[in-house]
Amino acid sequence: MVTSAGLLLYRVADDGAVEVLLGHMGGPLWARKDERGWTIPKGEHAPDEDAHDAAVREFTEELGSPPPDGPEVDLGEVRQRAGKTVRAWARRADLDVSTAVSNTFEMEWPPRSGRRATFPELDRVAWVPFARARELVVAGQVGLLDRLEEALTNP
């Protein structure tokens, strides 16, 4: 079973509105997809690797800097459509998204061309209002947003 771990940053604006930090998935398969084309910074890890350590590592790789310090909420696990399990934590912290630089991946593109191309794992990163985040994030991760909202509503 494929398991990923992720770290969802959130912040609370002066007006009390919650925003979450999401990344738009990179590469040609996601280039024209906005709704359901965003994710929390996350990635796969080995069964013997601590999931929280993997979440911090993946955040660092996908945004180009370690996550800022802040209090955390354990969001537990969700299962995505393809069967991947995502274990996540939310951390209250702020980050300047203009400094984000994602790592890259390589794939054959165009398909069956024999050519390899390199793409960023996340092609953009943004602070997104909570309600809009539910529309943008891949369907399997909406449950993580629900759990964060519950934790913030009932501390």
Side-chain angles (χ1 to χ4, degrees), residues 2-45 49-82 84-107 109 116-152:
V2 178
T3 305
S4 288
L7 186 61
L8 174 65
L9 291 192
Y10 72 96
R11 65 185 184 185
V12 180
D14 291 338
D15 65 358
V18 176
E19 295 178 317
V20 293
L21 184 70
L22 297 178
H24 184 267
M25 291 182 275
L29 302 177
W30 298 98
R32 292 192 171 106
K33 188 169 180 78
D34 199 43
E35 289 192 5
R36 305 293 179 223
W38 293 73
T39 184
I40 70 168
K42 62 165 184 47
E44 295 178 16
H45 65 89
E49 182 180 12
D50 179 78
H52 188 270
D53 290 347
V56 171
R57 173 182 47 78
E58 288 295 329
F59 183 99
T60 302
E61 288 177 3
E62 292 190 355
L63 277 77
S65 64
D69 292 332
E72 285 189 351
V73 175
D74 186 343
L75 300 176
E77 291 182 355
V78 293
R79 175 165 258 147
Q80 296 188 163
R81 281 189 191 156
K84 179 189 284 187
T85 299
V86 178
R87 175 89 166 88
W89 290 263
R91 183 179 290 183
R92 184 174 181 165
D94 203 353
L95 181 79
D96 179 0
V97 295
S98 70
T99 64
V101 179
S102 182
N103 57 342
T104 59
F105 69 96
E106 189 177 280
M107 66 182 282
W109 193 258
R116 309 263 327 146
T118 302
F119 303 97
E121 283 201 40
L122 300 176
D123 59 19
R124 59 187 186 250
V125 179
W127 285 103
V128 181
F130 211 69
R132 179 70 175 135
R134 280 192 164 81
E135 300 168 356
L136 294 177
V137 75
V138 294
Q141 293 177 20
V142 172
L144 297 173
L145 298 175
D146 292 341
R147 292 176 189 171
L148 175 57
E149 183 176 46
E150 174 69 24
L152 295 176

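The shown structure was predicted, so the numbers you read here are calculated from the model rather than taken from an experiment.
In this structure, S102 and V125 have side chains that are not in contact, with every pair of non-hydrogen atoms separated by 4.5 Å or more. You'll find the side chain of R134 reaches within 4.5 Å of the side chain of D146, heavy atoms only. Looking at V56 and P67, their side chains come closer than 4.5 Å, going by heavy atoms from C-beta outward.
E121 pairs in a side chain to side chain donor-acceptor pair (under 3.5 Å) with only one of the listed residues (N103, T39, T104), which is N103.
Nearest approach of S4 to K84, heavy atoms of both residues: OG-CD, 3.3 Å. Residue R36 comes nearest to V137 through the heavy atom pair NH1-O, 2.8 Å, listed as atom of the first residue, atom of the second, then distance. Nearest heavy atom pair, residue A133 against residue V20, reads CB-CG2, 3.5 Å. Scanning both residues, S65 and L95, for their nearest heavy atoms gives OG-CD1, 4.2 Å. Nearest heavy-atom pair across A5 and A51 is CB-O, 3.2 Å. The shortest heavy-atom contact between F59 and L7 is CD1-O, 3.9 Å.
Annotation: ring pair (Phe, Tyr, Trp, His ring centres under 6.0 Å) contacts involving residues 6-33, sequence neighbours excluded, comprise H24-W38.
Put simply, the side chain of E62 gets close to the backbone of K42: a donor and an acceptor are under 3.5 Å apart. Using modelled atom types, no side-chain atom of R91 and backbone atom of P71 make a donor-acceptor pair closer than 3.5 Å.
More than 12 heavy atoms of other residues, nucleotides or ligands shown are found within 6.0 angstrom of CZ on R116. Within a 6.0 Å radius of CG in D15, other residues, nucleotides and ligands contribute more than 12 heavy atoms. Shown here is D96, whose CG atom has more than 12 heavy atoms of other residues, nucleotides or ligands within 6.0 Å.
Rounded to the nearest 0.5 angstrom, E72 CD and L9 CG are separated by 9.5 Å. Atom CG of residue L136 and atom CD of residue E35 lie 6.5 Å apart, to the nearest 0.5 angstrom. If you take NE2 on H52 and CZ on R57, they are separated by 13.0 Å, rounding to the nearest 0.5 Å. Between L148 atom CG and W89 atom CH2 the span is 14.5 Å, to the nearest 0.5 Å. Going from atom CG of L144 over to atom CD of E149 covers 13.0 Å, rounded to the nearest 0.5 Å. One distance of note links CG of L75 with CD of E150; it measures 11.5 Å at 0.5 Å rounding.
Scored by the side chain to side chain contact (heavy atoms under 4.5 Å, CB included) test, E19 finds R11, W127 as partners (sequence neighbours excluded).
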Check against side chain to side chain contact (heavy atoms under 4.5 Å, CB included), I40 and L22: CA-CA 5 Å; I40 70 168; L22 297 178; 4.1 Å; yes
Step by step, work out the salt bridge (charged side-chain N to carboxylate O under 4.0 Å, His left out) result for R147 and D74. CA-CA 9 Å; R147 292 176 189 171; D74 186 343; over 6 Å; no
Test log, rule side chain to side chain contact (heavy atoms under 4.5 Å, CB included), inputs Q141 and L8: CA-CA 11 Å; Q141 293 177 20; L8 174 65; over 6 Å; no
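Ring planes of F119 and F105: tilted class, angle from 30 to 60°.
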